[in-house]
Amino acid sequence: MIAEVCINYQDANVDKTFDYLVPEHLEELVEVGKRVYVNFGVSNRVVEGLIVNVKEDTNIEKEKLKRIFSVIDKIPVVSEEQIKLAFSIRDYYALKLGQALELVIPPFISNKDIYQISAKTDQEIDLEGELKEIYKKILKRPISANSKFAKENKEKIISLFLKGLLKYELKPLKSLEDKKENMLTEPQYGLTDEQNRALDVIKTAFDEGVYKNILLFGVTGSGKTEVYIQAMKYVIEKGKSVILMVPEISLTPQMIESVKNRLNTTVVVYHSKMSSLQRQMAWLKLKSGEAKVVIGPRSAIFAPAKELGLIIVDEEHEPSYKAEKSPRINAVEVAQMRAKINNIPVVLGSATPMVEHYYWAISGKYLLCTLKSRVNMTMPEVFVVDMKKELLEGNKSIFSRLLLSEIEKNLQKGEQVLLFLNRRGYSPVVICRECGYVYMCKNCSISLTYHKSGYLKCHYCNYKEKYTGICPKCGSKYVRQYGSGTQRIEDEIKMYFKDAKILRMDKDTTTRKDAIEEILNRFKRKEADILVGTQMIAKGLHFPDLTLVGVINADTILNMPDFRSKERTFQLLTQVAGRAGREKQGRVIIQTFNPDDYSIVAASKHDYESFFREEIKLRKAMGYPPYAYIVNFVVVSQNEKYAQRGIENVYRLLEEYSKTADAKIYGPSESPIFKVENQYRYHILVKFKKALQMIDVANKIKERYNYNNAELIIDVNPWNTL
DNA sequence: AGCACGCCGACT
DNA sequence: GTCGGCGTGCTC
């Protein structure tokens with residue numbers, strides 16, 4: 001018996017598996033997905049590894065193989081399905097095997113805090129000196145695998161393991177069962193024809209047992225959630241489990257509640273902010289099959305759901321599904337890989353589908369289900385205000401005359417207002433008027449934002465310094481703040497409407513736990529008339545008396561140097577507009593310097609189709625997705641020279657490997673934000689015509705890049721190239 | 001990660 | 001000549 005083992009998956013430096021001989025006494029314990037201790041390298045040091053495959057004697061020269069000397073886990077910590085998924089992820093994102101496996105290994109397993117070490121027999125064994133002391137201690141009472149004692153005596157404990165005296169096992173769990181609430185309520189408002197059709201498509205795909213993408217394109221309030229719930233019910237009744245992905249757990253409490261109440265099974269939530277014990281419980285419930293539904297953000301796609309039958313991705317266009325840090329996976333793509341492995345359907349739900357997904361839906365690659373009619377709701381009226389014109393006509397304020405008069409009306413009627421600006425702080429730029437000096441972050445090539453607290457802050461690395469009002473370069477007192485963030489909006493609104501009660505919700509006011517919920521509840525109880533905020537107020541909120549939404553500056557996203565900027569603008573405007581008048585008639589005012597831009601015009605008319613038609617033309621002309629597959633090769637180092645040398649290496653490799661592929665190379669060049677957290681960044685953007693060629697070239701470069709002074713990050717299908 | 005191997009300059 | 005610098009590559 002031979003076990004294929006991935007070594008050191010935590011530090012991810014070894015990018016292949018190794019064959020080990022399984023000694024006879026371990027044959028029964030060895031299983032794919034369990035961790036083992038093995039000797040590794042010339043010095044034979046003891047390392048942890050994960051069994052990814054078990055095979056019978058083949059042609060391998062067994063004399064060359066080392067032997068596994070102990071099996072750590074009683075039950076596999078990773079399923080064979082999850083290992084397959086890790087291999088797919090490694091191939092697609094050109095990751096090292098260890099990096100990919102780390103994604104499917106539950107975090108608490110790495111922490112080892114649910115494991116304990118105990119003695120195998122209850123007899124005192126004949127041992128010498130310190131070993132005896134340690135053994136006696138463990139015999140008396142099992143120790144936590146993560147304890148200080150275990151760490152301090154690692155070597156000796158391992159040698160006790162080698163003697164076969166200790167075992168490694170799951171700690172008995174404290175009973176933390178949450179009460180099963182039996183609040184099963186049936187839907188009132190029955191399914192509409194459109195909903196029924198969508199449900200049938202999902203059921204059929206599930207019954208057929210094939211991998212298929214189903215795009216559920218439904219406007220806000222068209223009842224997507226109801227379709228999800230009915231589809232989940234169907235799948236659960238057939239004994240299979242479901243993963244429901246949501247962009248952000250804190251903003252979807254209503255959905256979680258209704259799923260919990262409506263489904264006759266244990267539903268677990270799976271995300272990084274849970275306590276370690278909560279996560280262990282969720283993990284065990286899924287692993288045992290007790291829980292058939294898991295809800296969570298990006299990381300939930302790796303949950304150990306047993307016999308997976310369906311994956312649903314709600315708000316599939318949300319950027320939070322794409323990881324911004326390496327490994328830069330996209331949970332939607334991972335969902336598709338996992339569905340493919342299991343031969344099951346994926347439902348992608350959105351009111352503003354990602355351009356690629358809609359393109360594939362109308363070209364027949366995906367199935368398309370459309371929900372057009374809104375349940376008990378009307379669309380808000382949208383006004384686009386040309387801020388150039390406002391300026392020409394003498395209005396120098398941040399607010400247009402229309403917005404001010406509409407706010408006034410709302411305050412008089414006692415109805416609420418939402419003001420949206422995609423920028424926190426007071427002013428994003430501070431400039432000396434005498435010498436032109438711009439305050440920059442010491443660690444990043446980013447201008448510092450002035451905050452009302454009297455500090456200048458970097459929104460990339462959180463560096464902050466006290467604001468003195470005196471130019472550090474020339475000593476002048478004529479330093480001025482330019483542009484506005486949410487803090488300034490709040491201040492200026494107070495000047496116009498002295499009696500209005502205002503709440504602000506952005507990253508700065510929501511650092512405390514539960515702060516988001518608190519602010520939203522206060523607004524819901526009508527303790528404030530106006531809510532000012534960033535992105536986070538755009539999603540899923542529902543306030544009956546909110547009838548006016550103001551977008552202070554629609555251009556902040558539009559002007560980003562990114563091919564998705566128009567799509568993001570359309571999505572965000574549509575989303576934030578959807579907050580107005582969900583029960584009463586609502587109004588939306590969009591302030592912009594580009595009133596004719598198609599993304600803004602289409603959003604104001606609630607017209608996805610016309611936005612898509614314009615956007616897809618542009619994508620085709622410029623050779624962007626879905627007409628190309630993009631990889632961003634980024635090389636990063638604290639030392640500018642090293643980063644430069646690294647990217648030159650990548651360029652040489654690219655020239656060599658992309659010869660036979662249909663590829664266009666852009667760069668190398670400095671990344672748009674050259675320095676972040678004291679790391680210099682160079683990048684090369686490559687467009688491929690064929691996905692397979694992209695994967696092939698990216699993997700070859702990963703294998704051949706060996707310049708240790710600068711790290712190479714390969715971003716497949718990037719969402720931002722800053 | 002470690003460790004060995006090997007190709008080059010420095011130097012008893 | 002050979003000692004050791006570190007760049008490169010391997011570890012079942």
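Every chain is numbered from 1, with letters handed out A, B, ... down the list of sequences. Predicted model, so just to flag it, every value in this text is computed and none were measured.
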Undergrad: Whether the side chain of A:S241 engages the backbone of A:K306 through a donor-acceptor N/O pair (distance < 3.5 Å, no angle test) should be reported.
TA: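 Yes, the answer is positive, given that a donor and an acceptor are paired below the 3.5 Å cut-off.
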
Undergrad: Which atoms of nucleotides 3-5 of chain B (N or O only) lie under 3.5 Å from a protein N or O atom, and what are those distances?
TA:
none

Undergrad: Would you tabulate the side-chain donor-acceptor contacts of residues 636-643 of chain A under 3.5 Å, counting partners in other chains and residues two or more places apart, or write 'none'?
TA:
{"unit_1": "A:S637", "atom_1": "OG", "unit_2": "A:N639", "atom_2": "N", "d": "3.0"}
{"unit_1": "A:S637", "atom_1": "OG", "unit_2": "A:N639", "atom_2": "O", "d": "3.3"}
{"unit_1": "A:S637", "atom_1": "OG", "unit_2": "A:N709", "atom_2": "O", "d": "3.4"}
{"unit_1": "A:N639", "atom_1": "OD1", "unit_2": "A:K641", "atom_2": "N", "d": "2.8"}
{"unit_1": "A:N639", "atom_1": "OD1", "unit_2": "A:Y642", "atom_2": "N", "d": "3.2"}

Undergrad: Relative to each other, are the rings of A:F674 and A:Y682 parallel, tilted or perpendicular (30° and 60° limits)?
TA: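 Rings of A:F674 and A:Y682: perpendicular, as their planes differ by over 60°.
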
Undergrad: Can you check whether A:R45 has a side-chain N or O nearer than 4.0 Å to OP1 or OP2 of B:dA1?
TA: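 False: A:R45 side-chain N/O out of range (4.0 Å or more) of B:dA1 OP1/OP2.
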
Undergrad: Do A:N213 and A:Y211 have side-chain atoms, one donor and one acceptor, less than 3.5 Å apart?
TA: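 Short answer, yes.
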
Undergrad: Please write out the pairs of protein N or O atoms and N or O atoms of nucleotides 6-8 of chain B separated by less than 3.5 Å, giving the distance to one decimal.
TA:
none

Undergrad: Dump the intermediate steps for side-chain contact (heavy atoms from CB on, under 4.5 Å) on A:K66 and A:N44, then the final yes or no.
TA: CA-CA 10 Å; A:K66 292 182 182 176; A:N44 264 337; 2.6 Å; yes

Undergrad: I'd like to know whether the aromatic ring centres of A:F563 and A:Y624 sit less than 6.0 Å apart in this structure.
TA: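 Yes: the rings meet the under 6.0 Å criterion.
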
Undergrad: Between A:Y93 and A:Q99, does any side-chain donor sit less than 3.5 Å from a side-chain acceptor?
TA: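 Absent: no donor and acceptor within the cut-off.
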
Undergrad: Under a criterion of less than 4.0 angstrom to any heavy atom of chain A, what are the 5'-terminal and 3'-terminal contacting nucleotides of DNA chain C?
TA: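 From 5' to 3', the first and last contacting nucleotides are C:dG9 to C:dC12.
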
Undergrad: Would you please name every residue forming a side chain to side chain contact (heavy atoms under 4.5 Å, CB included) with A:N649, sequence neighbours left out?
TA: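 Here the qualifying residues are A:R652, A:Y705, A:Y707.
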
Undergrad: Does the Lys NZ or Arg CZ of A:K137 fall within the cation-pi geometry relative to A:F149 - under 6.0 Å from the ring centre and within 45° of the axis?
TA: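 The answer is yes, since A:K137 meets both limits relative to A:F149.
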
Undergrad: Enumerate, atom names and distances included, each donor-acceptor pair closer than 3.5 Å involving a side-chain atom of residues 658-672 of chain A, sequence neighbours excluded.
TA:
{"unit_1": "A:S658", "atom_1": "OG", "unit_2": "A:L654", "atom_2": "O", "d": "2.6"}

